[in-house]
Amino acid sequence: MGYQTTAEKINAIFSDLSKDYLIYAPKRFVGDGTFTYIDTIRYGEITDLAEIEFAEKSNYSFKEVLLPISETLFYFTENEMKEADAPKKGAIVFLRSCDLHGLKRMDTIYLENGGVDTYYKRLRDHTKFILMGCENSFENCFCVSMGTQTSEDYDAYLKVDGDNVLVDSRWDYLDAALAGATQAPVIADSVTANDTVVTIPETVPQTLFDDPFWEEYGNRCIACGRCNFVCPTCTCFTMQDIFYTDNGKAGERRRVWASCHVDGYTDMAGGHAFRNDKGQRMRFKVLHKVNDYKRRFGTHMCIGCGRCDDVCPEYISFANCINRLNTLVNDTVKEEN
Amino acid sequence: MLDLNTKKIKKNAYRVTKVRGETASRVRVPGGLLTAELLPLIQNIAETFGNGRIHLTTRQGFEIPGIKYTDMDAVNALLQPIIDKLEINQEIPGKGYTSAGTRNISACIGSNTCPFATYNTTNFAQKMEKEIFPNDLHFKVAFTGCANDCIKTRMHDFGIIGMTEPQYEKERCMGCQACVKACKKKSVDALSVENYRIVRNTEKCVGCGECVINCPTRAWTRSPVTYYRLVIMGRTGKRNPRLAEDFLVWATEDAIIKIIKNTYGFVNNYIDREAPGGKEHIGYIIDRTGFEEYKKWAMEGVELDPRTIVKGPVYWSGIHYDGK
């Protein structure tokens, strides 16, 4: 149901919701960036609509709400262990259409890829998603190429339009809270084209895995992992077992984000690492995003948010890599024919 | 018949050159940043009254050689729009640069452009210009954005080196150790790992911000307040060239401004009135009075941030060519 209401009303609803939910949205962290006097837009708790950064793309995705950067799974001591408590409150997350598609990729990995991840599920089951529209495409976005420019899988859509707030609700609670508001049809803003257009090769022959094509990336990539950490569909983690320094008989197990670009990702017992070359790390990531994942789950993993291109300190463009790869694949297929 | 008061000429930022009858005009650019529109004005002076050439000075100014002493008034008139635009503190409008003892305040390119800089060096340099100019005492002040010290503040009477106090949010850290590697390879190896989390050695940390620059998740961020390392009494010269030594570490902007202004009082009191040209480097005055006497003058009324470390007694090394 669509409504036209006011920021005041929405903030009152937020206040009411805050008894049961933490509200997360992209917000501006002043001076928080890599360089001096540079802000970042990333997820944080909000209590007021005015705190939400609608005008810019967030540098980091919403994924840290459902998959914290560092999450204690359980505590242990001698013969006993205790699972870490789940947050007492649920979560409400403001995010854009592409990120809602990213949520599907996270669900696939954590809920439908064999066993169910209980730590993910217990957060996911108590999270509501509010769509933020896109009036214009941002730099490096290629959602249209990935088919993620619109999404219906939201609990509500919300747009601040001057003094008015437009809401499309699919959530009983909101419908009840907005019962007195003016009803009006509300359609989510979405883009129909991006400056960046990506063409994905249908299949990538395995012969290209060792192609010199990847060597250039090996020379350019510095293995910082930023592309992974900002990506809403990178879901890898690793484990850290901690023994408390004051008492080595007690400790905790944490899981933390991991990155296929960062050293250590392929380390095995005995010290062997099987993907030391950074070009091969690039190949692994790129083909996971637009080749392997699709073969297994039917959709591309990449959702075209372009954050990897926004953040790379070495100006490596993932989007351009795919387009170059497409040309390479076409040329290779022609040669073989 | 040329009848000149060379002392006045020098204070007006003109050089008494080796070429009889010719001077050179020194155009100061505080903080080393100017808008491109000023370049044609400098070009015009060089082509109209100079010999068509311009020397880029080490202190971020322009020196225009080949000017006839008789043209100084005309050159001053052409300098006026440059002086206005650069917001130079000028005692008498139309009279050019009306003091020359305190040298142009230099600055590295700073946070306008450089990824390493911890603050806007140009802004602080321009603020300092307002505080200490015009002044005829021989002071050299320079600002640099980080401990790389590209402007060579350690060869100045006062060097201001930017510092950020890294803030660590451990819940945003997954232990990739990009910060540890950067600190070890590019800075002072102040970071170590304990239980997969980072421990910063606050004694070693120089506040360069490499951890912040290299952190991929914003676990490391900058402190809202910018701090500075104030290094003092570096110098070049014939007798005892030496690098500046730390005086204050983790100091604030206000403290630095106050200390430099206080130093003018110290120099006025203790300068050797018989010194050639009435000019004596501050460092040599401090060598004579002793550091503690200088510190007494310098710290008068200075309010320090609780983080600030005051060094003392300060000793300088360098090369002694004077046999002392």
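Here is how names work: the chains are called A, B, and so on, in the same order as the sequence lines, proteins then strands, and each is numbered from 1.
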- Query: Is the NZ atom of B:Lys85 crowded by more than 12 outside heavy atoms at less than 6.0 Å?
  - Reply: no
- Applying a strict 4.5 Å limit to non-hydrogen atoms, the region of A:Phe243 in contact with chain B is backbone
- Query: Residues of residues 152-160 of chain B under 4.5 Å from chain A (heavy atom pairs)?
  - Reply: none
- Task: For B:Tyr264, enumerate each residue passing the side chain to side chain contact (heavy atoms under 4.5 Å, CB included) test, keeping only those at least two apart in sequence or located in another chain.
- Result: B:Thr102, B:Ile132, B:Asn135, B:Leu137, B:Phe139, B:Ile260
- Task: Tell me, for B:Cys173 versus chain A, whether the close heavy atoms (under 4.5 Å) come from the side chain, the backbone, both or neither.
- Result: backbone
- Query: So which part of B:Ala178 gets closer than 4.5 Å to some heavy atom of chain A, the side chain, the backbone, both or neither?
  - Reply: neither
- Item | Qualifying residues under side chain to side chain contact (heavy atoms under 4.5 Å, CB included), relative to B:Glu303, sequence neighbours excluded | none
Under 3.5 Å, what donor-acceptor pairs does chain B form with chain A?
unit_1	atom_1	unit_2	atom_2	d
B:Ala117	O	A:Thr36	OG1	2.5
B:Asn120	N	A:Tyr37	OH	3.4
B:Arg172	NH1	A:Glu64	OE2	2.7
B:Arg172	NH2	A:Glu64	OE1	3.4
B:Met174	O	A:Gln240	NE2	3.1
B:Asn195	O	A:Arg254	NH2	2.9
B:Asn195	ND2	A:Phe243	O	3.1
B:Arg197	NH2	A:Ser70	OG	2.7
B:Ile213	O	A:Arg226	NH2	2.6
B:Pro216	O	A:Tyr60	OH	2.8
B:Arg218	NE	A:Asp32	O	3.0
B:Arg218	NH2	A:Asp32	O	3.4
B:Arg218	NH2	A:Gly33	O	2.8
B:Arg222	NH1	A:Thr36	OG1	3.3
B:Arg222	NH2	A:Thr34	O	3.0

